[in-house]
Peer 1: 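Quick one: the structure is below, and I'll ask about it shortly.
Labels below follow one simple rule: chain letters A, B, ... track the order of the sequence lines, proteins then strands, and each chain is numbered from 1.
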Amino acid sequence: MSLENCESLFALIDCNNFYVSCERLYNPALLYKPVVVLSNNDGCIIARSNEAKKLGIKMGVSYFQIRDFLKKNKVAVISSNYEIYEDISKRFINIIKSKICFVEAYSIDEAFIELKGIFKKRSFEFCKGLKEDIYRLIGIPVSIGIGRTKTLAKVANKIAKKNKDLNGIFDITGREEEILKTFDVEDIWRIGKSKANCLKGMGITNALNLSKIDNSLAQKTLGINGLTTVFELRGIKCINLQEKKPIQKEIIVSRSFGHDIGNYKELKEGVSHFSAIAAKNMRNLNLYTKTLSVFITSNPFKDGFYTNQAEINFDFYTRDTFLILQAAEKCLNKIFKENIKYKKAGVILRNLTNCVCLGNLFTNLEIENKHNLMKAIDLLNKKIKKDAVFFAAEGVNKLWQAKKEYTSNYNASEIILI
DNA sequence: TCTGGGGTCCTAGGACCC
DNA sequence: TCTGGGGTCCTAGGACCC
């Protein structure tokens, strides 16, 4: 076998303007029109249709700054609806898994695959078929980049997206030098703004320059991950396909409030609500926690910024919302200060495990009963409606809730695509 | 008036110990 | 009078990703 045959081949499948594409499934009137999707709290732009990109709307811009511009240009504005996006994302991954074994669900709208054997021999045809299948089955357009390493597949994907003539698929293999020469160092996967600035200061402006950098210089300026990137650009595989998702290290639920909160009661209700969501998410992932922390912050854009956090360790691993609510309240009491307008709060669960770790002989029965209660609550909320059952500590009015003015009224169960 | 949320990893620096 | 140095652990904060 020649050395060439031993080389790996990866593809990155990336959904085009994913959130916008999802919204278009529910509302075809949005097709061919400029559309943007807003972050939680309608804070900033997190997805744009191609038409919106053409208008020069940038990613991450705060909504209030360009509201008038959007209106003038008749851009459709939509609040994000993550339930729907997650549902479509699962379908997207399932289609890929039905066609090939080696799949890594990398993010909500991206998957890496490793092409081996017959798939490698017919890589382009296979990817073309996959792209067509995804569109036929769930109506989401994707772009696919192919390369010898994940980093090169990422580069190829950007090229596929940018260049219309390629019809959404590009294989960089054999053309690395020519392409990397035109590829801005800032656009390389895992090279962020600050590293890019540092590199540009050294005269390294494109990906080809970076691939030729001295190893020890790369490590010194970019750290160990940067050196990995350099090798990957040279076509040397350092980052493997991660088919099995490792156990999550933390679960975070945090939100900015719709308005500043000055009183303890309202803040406590918010923190309790986030705790209940975090506990529910943890049970969904079949995990238990041993550490809970709460943080609160005032508005960082205003004077007298205050932020603080407190942490509590449980005596044993738990997934019991009652215990989590108690702990969250204790943490909040440690850090709450009067006369501050709070803008944001969050709850973090750490030290997660998937082992069933119960307490001692005397507490086991009680814990078992609580488990069953939690299961029942989760089931009711799933079957009847969200928040059909909730904890008194979360409050009834939820006055602090974030803004969401432009939500589409669809839910995931409404659409049947396959 | 309005400025996202969720996640991981690395590093620098302090505390502590021998 | 004189005040080392290396290891480990922890944490906060930065950088990066989507």
Side-chain angles (χ1 to χ4, degrees), chain A residues 12-19 36-48 58-68 70 77 79-83 85-86 89 92 104-112 150-151 154 157-158 186-199 219-229 239 242 245-260 274 277-278 281-282 285 287 291 293 295 297-302 305 307-311 313 341 343-352 401-406:
Chain A
L12 174 70
I13 306 139
D14 189 330
C15 300
N16 298 347
N17 319 326
F18 184 56
Y19 297 168
V36 296
V37 176
L38 303 178
S39 67
N40 270 346
N41 217 19
D42 292 346
C44 49
I45 312 286
I46 53 167
R48 306 153 296 157
K58 295 267 178 276
M59 187 75 167
V61 180
S62 39
Y63 172 52
F64 81 93
Q65 282 175 338
I66 59 162
R67 186 181 296 166
D68 293 341
L70 296 177
V77 177
S79 302
S80 46
N81 186 339
Y82 287 98
E83 265 172 62
Y85 310 151
E86 267 159 25
S89 174
F92 163 68
E104 172 185 343
Y106 174 66
S107 76
I108 194 162
D109 67 339
E110 284 168 84
F112 281 106
K150 280 170 142 185
T151 306
K154 271 267 185 188
N157 190 283
K158 286 217 174 180
E186 201 176 314
D187 294 332
I188 301 169
W189 186 41
R190 297 166 15 126
I191 300 289
K193 249 214 152 79
S194 102
K195 280 181 182 154
N197 283 341
C198 182
L199 288 169
Q219 175 147 19
K220 208 175 134 204
T221 42
L222 305 173
I224 187 71
N225 284 337
L227 184 61
T228 302
T229 300
I239 309 172
Q242 204 167 66
K245 229 182 157 189
I247 291 178
Q248 218 166 292
K249 304 232 160 117
E250 48 187 37
I251 292 169
I252 303 176
V253 176
S254 77
R255 301 274 189 284
S256 296
F257 303 123
H259 61 92
D260 291 353
F274 303 157
I277 297 174
N281 292 349
M282 178 173 62
L285 293 165
L287 297 173
T291 309
S293 76
F295 68 86
T297 76
S298 64
N299 190 334
F301 295 94
K302 287 184 184 163
F305 178 56
T307 179
N308 207 345
Q309 69 97 37
E311 197 172 273
N313 281 307
K341 300 273 184 210
K343 179 65 190 161
K344 184 178 177 178
V347 171
I348 307 174
L349 304 177
R350 290 202 184 89
N351 261 321
L352 303 169
Q401 236 158 17
K403 276 184 293 188
K404 238 180 187 189
E405 286 180 39
Y406 315 100

Peer 1: What pairs with A:T297 under side-chain contact (heavy atoms from CB on, under 4.5 Å), at least two apart in sequence or on another chain?
Peer 2: A:F295, A:F305, A:T307, A:K344
Peer 1: Please map the stems of DNA chain C, keeping only stretches of three or more Watson-Crick or G-U wobble pairs with both distances under 3.5 angstrom.
Peer 2: B:5-18 with C:5-18
Peer 1: Can you name the side-chain contact (heavy atoms from CB on, under 4.5 Å) partners of A:I108, sequence neighbours left out?
Peer 2: A:F18, A:Y19, A:Y85, A:E86, A:S89
Peer 1: Going by the rule side chain to side chain donor-acceptor pair (under 3.5 Å), which residues pair with A:D109 if we only count those two or more places apart in sequence or in a different chain?
Peer 2: A:S107
Peer 1: Identify, with sequence neighbours excluded, every residue that meets side-chain contact (heavy atoms from CB on, under 4.5 Å) alongside A:N197.
Peer 2: none
Peer 1: In whole angstrom, give the distance that lies between atom CZ of A:R67 and atom P of B:dT3.
Peer 2: 11 Å
Peer 1: Round to a whole Å and report the spacing from CD of A:Q65 to P of B:dG4.
Peer 2: 11 Å
Peer 1: Answer whether the closest heavy-atom distance between the side chains of A:I239 and A:R190 falls below 4.5 Å.
Peer 2: yes
Peer 1: Counting C-beta onward and ignoring hydrogens, is there a side-chain heavy-atom pair between A:L352 and A:L285 closer than 4.5 Å?
Peer 2: no
Peer 1: Just to verify, what does A:E186 make a side-chain contact (heavy atoms from CB on, under 4.5 Å) with, not counting sequence neighbours?
Peer 2: A:D184, A:K193, A:A196, A:K200
Peer 1: Got a sec, which residues hit side chain to side chain donor-acceptor pair (under 3.5 Å) with A:K302, two or more places apart in sequence or on another chain?
Peer 2: A:D260
Peer 1: Enumerate all atom pairs, one protein N or O and one N or O from nucleotides 6-12 of chain B, separated by less than 3.5 Å.
Peer 2:
from	atom 1	to	atom 2	distance (Å)
B:dG6	OP1	A:S254	N	3.4
B:dG6	OP1	A:R255	NH1	2.7
B:dG6	OP2	A:S254	N	2.5
B:dG6	OP2	A:S254	O	2.8
B:dG6	OP2	A:S254	OG	2.8
B:dG6	O5'	A:I252	O	3.4
B:dG7	OP1	A:Q248	NE2	2.8
B:dG7	OP2	A:I252	N	2.2
B:dG7	OP2	A:I252	O	3.1
B:dT8	OP1	A:K249	N	2.7
B:dT8	OP2	A:E250	N	3.3
B:dC9	OP2	A:K249	NZ	2.7

Peer 1: Under 4.0 Å from OP1 or OP2 of B:dG4: is there any side-chain N or O of A:S62 that close?
Peer 2: no
Peer 1: Distance from A:K158 atom NZ to A:I188 atom CD1, nearest 0.5 Å?
Peer 2: 9.5 Å
Peer 1: Give a yes/no on whether any side-chain N or O of A:K343 is located under 4.0 angstrom from OP1 or OP2 of B:dT3.
Peer 2: yes
Peer 1: List in chain and number order the residues that pass side chain to side chain donor-acceptor pair (under 3.5 Å) with A:Y63, two or more places apart in sequence or in another chain; answer none if no residue qualifies.
Peer 2: A:Y406
Peer 1: Would you call A:F64 stacked on B:dT3, i.e. ring centres under 5.5 Å apart with the planes less than 30° off parallel?
Peer 2: no
Peer 1: For A:K302, report the nucleic acid contact type (base, sugar-phosphate, nothing); a contact means any heavy atom under 4.0 Å.
Peer 2: sugar-phosphate
Peer 1: Produce a footprint string for nucleotides 13-18 of chain C: one letter per nucleotide, 5' end first; B if the base is under 4.0 Å from any protein heavy atom, S if only the sugar-phosphate is, - if neither.
Peer 2: --SSSS
Peer 1: Within this structure, what is the OH-to-C1' distance between A:Y82 and B:dG5, rounded to whole angstrom?
Peer 2: 6 Å
Peer 1: Kindly write out the residues that satisfy side chain to side chain donor-acceptor pair (under 3.5 Å) with A:Q248, not counting sequence neighbours, or none if the list is empty.
Peer 2: none
Peer 1: In whole angstrom, what separates A:F274's CZ from B:dG5's P?
Peer 2: 8 Å
